[in-house]
Amino acid sequence: MPEILEVERYRQLAAERAVGRRVEAVEAPDPWILKGGLTPAAAADALTGREVLDARRRGKLLLLDTDGPVLGLRFGMTGRLHVDGRYGVERLEYSPVVEHERWDRFGLVFDDGGYLRLQDPRRLGGVALDPDEARLGPDALTVTPRQLAAALAGSRAPLKARLLDQAHLAGVGNLLADEILWRAGLAPNRPAGSLDPVELRRLHRHLRRGLVELGERGGSHTGDLGPHRRPGGRCPRDGAELVHAVVGGRTTWWCPIHQH
DNA sequence: CCGGATGTTCACCT
DNA sequence: GAGGTGAACATCCG
């Protein structure tokens, strides 16, 4: 599933191959994927003839700047970006391996004959024009200690729920949240606002380091905890049997010994 | 064959 | 307003 690390790979692909190219046509065979009242005709009107100027990202939202509107792409659980047959991520967890054209939900055709497409089997992704970027919190890859402290301050929600709340911190998904909390030795059901300065600092360090490390390994599914998130799984650090519960609406696994 | 899992967003409820 | 719950999506797995 695309979390922040996968979307960053998509951004890099778009920056390398889409920026500088001009849109000749818009493919929108699936109106469901268009959000914010956007229609296939309106999308075509707004984007045809436009040049892609930059590829940005905030959390899991990919933003393509043009000399017209900003094109916002969300990938849900199973969305992938492909440009001229190249994929930002080759293999996606929980997504079918076999590819079908019918999963191409949206695309830009460039005037040189190439294309950029959003492929999304489960249709959990979305396409919008000029998405409201201000609704997202600071990006998890670049968040400062001060920003992280502000994101958690005063909240009585479970720590993990707050980390997953894109309005307060943009980019962390379920698997990354479990991995980071495991690394930081913090229990997912701690009230978010209850962390002391030492714990906040530790969480920030593991968030930043963990994202970089998993990015280098290849993505969100390469965490150390991942293989043990199953019944009977044991903590790879101290061997204790992991416990699980629904926290923040998501299946959550953690170590009862070293996460407090 | 069917229920549950899978991640995210959004509408709705307390 | 904050936080929790369930629906929606399509596919896979046990």
Side-chain angles (χ1 to χ4, degrees), chain A residues 1-10 28-38 57-62 72-81 89 91-106 118-128 131-137 139-140 150-181 188-194 211 214 219-223 225-233 242 244-253:
Chain A
M1 67 268 77
E3 295 189 35
I4 189 169
L5 299 174
E6 286 71 30
V7 179
E8 173 58 19
R9 299 266 290 270
Y10 299 163
D30 181 7
W32 166 266
I33 217 75
L34 302 178
K35 307 300 180 185
L38 188 61
R57 181 190 56 73
R58 181 148 176 178
K60 305 167 197 171
L61 175 64
L62 177 64
L73 299 175
R74 294 187 180 282
F75 298 90
M77 268 184 69
T78 58
R80 293 203 299 173
L81 189 74
V89 172
R91 173 80 173 88
L92 207 55
E93 293 289 295
Y94 304 119
S95 194
V97 176
V98 180
E99 293 157 21
H100 294 294
E101 265 186 29
R102 65 189 165 92
W103 292 335
D104 285 331
R105 308 295 181 182
F106 182 84
L118 167 62
Q119 181 185 81
D120 183 9
R122 291 186 54 181
R123 301 168 89 204
L124 287 164
V127 175
D132 185 2
E133 302 174 36
R135 291 180 58 185
L136 295 171
D139 187 84
L152 304 182
S155 172
R156 286 174 304 179
L159 175 56
K160 178 177 173 180
R162 196 70 170 187
L163 293 178
L164 292 174
D165 184 340
Q166 303 297 301
H168 292 96
L169 179 68
V172 175
N174 197 38
L175 293 184
L176 284 177
D178 278 6
E179 176 76 15
I180 300 301
L181 291 172
N189 45 18
R190 275 277 295 278
S194 72
L211 290 181
L214 268 55
S220 305
H221 59 287
T222 61
L225 186 66
H228 310 283
R229 294 173 89 260
R230 53 176 175 74
L242 296 176
H244 68 107
V246 174
V247 180
R250 313 301 307 278
T251 302
T252 301
W253 294 82

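All heavy atoms count here, side chains included; hydrogens, waters and symmetry mates do not.
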With heavy-atom distances below 4.5 Å as the criterion, would you say the side chains of A/Ile180 and A/Val172 are in contact?
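No; the side chains remain at least 4.5 Å from each other.
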
Flag the pair A/Arg80 / A/Tyr10 as yes when at least one side-chain heavy-atom distance between them is below 4.5 Å, and no otherwise.
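They are in side-chain contact.
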
Within this structure, what is the OG1-CG distance for the pair A/Thr252 and A/Leu242, rounded to the nearest 0.5 Å?
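Going from OG1 on A/Thr252 over to CG on A/Leu242, the span is 12.0 Å.
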
Spacing of CG belonging to A/Leu164 relative to CG belonging to A/Leu176, to within rounding of 0.5 Å:
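Between atom CG of A/Leu164 and atom CG of A/Leu176 there are 9.5 Å.
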
Side chain to side chain contact (heavy atoms under 4.5 Å, CB included) partners for A/Ala28, two or more places apart
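Once residues adjacent in sequence are excluded, the partners of A/Ala28 under the side chain to side chain contact (heavy atoms under 4.5 Å, CB included) criterion are A/Leu34, A/Pro40, A/Phe106.
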
[X]: side-chain hydrogen bond (donor to acceptor under 3.5 Å, both in side chains) partners, not counting sequence neighbours:
X: A/Glu8; answer: A/Arg11, A/Gln12, A/Arg57
X: A/Thr222; answer: none
X: A/Asp165; answer: A/His168

Can you give the dot-bracket line for DNA chain B, where a pair is Watson-Crick or G-U wobble with both atom distances under 3.5 Å, crossing pairs use [ ], and | marks a partner on another strand?
.||||.||||||||

Side chain of A/Lys60 - closest among C/dA10, B/dG7, B/dT8
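It is B/dT8.
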
Selected nucleotide, minimal atom distance to A/Trp103 side chain, candidates B/dC10, C/dT11, B/dG7:
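Nucleotide nearest to A/Trp103's side chain: C/dT11.
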
Ignoring hydrogens and geometry beyond distance, is the side chain of A/Arg74 in donor-acceptor contact with the base of B/dT8 at under 3.5 Å?
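Between B/dT8 and A/Arg74, which were checked side chain against base, a qualifying N/O pair under 3.5 Å is absent.
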
What interatomic distance, in whole Å, is found between P of C/dG14 and the corresponding atom of B/dG7?
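The answer is 16 Å between these two P atoms.
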
Which whole number of Å gives the distance between the P atom of C/dC12 and that of B/dT9?
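So the two P atoms sit 23 Å from each other.
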
Each nucleotide N or O in nucleotides 11-14 of chain B that has a protein N or O under 3.5 Å away: list the pair and distance.
none

Are any of A/Arg122's side-chain N or O atoms less than 4.0 Å away from OP1 or OP2 of C/dT11?
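Answer is no, no contact under 4.0 Å.
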
Pairs flagged by salt bridge (Lys or Arg N to Asp or Glu O under 4.0 Å) wherever residues 153-164 of chain A is involved - sequence neighbours left out
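Found A/Lys160-A/Asp178.
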
Output one line per pair: protein atom, nucleotide atom from nucleotides 2-8 of chain C, and distance, for all N/O pairs under 3.5 Å.
unit_1: C/dG3; atom_1: OP1; unit_2: A/Ser155; atom_2: OG; d: 3.0
unit_1: C/dG3; atom_1: OP1; unit_2: A/Arg156; atom_2: N; d: 2.9
unit_1: C/dG3; atom_1: OP1; unit_2: A/Ala157; atom_2: N; d: 3.1
unit_1: C/dG3; atom_1: OP2; unit_2: A/Arg162; atom_2: NH1; d: 3.1

Can you name the salt bridge (charged side-chain N to carboxylate O under 4.0 Å, His left out) partners of A/Arg105, sequence neighbours left out?
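With neighbours one apart ignored, the set is A/Asp30.
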
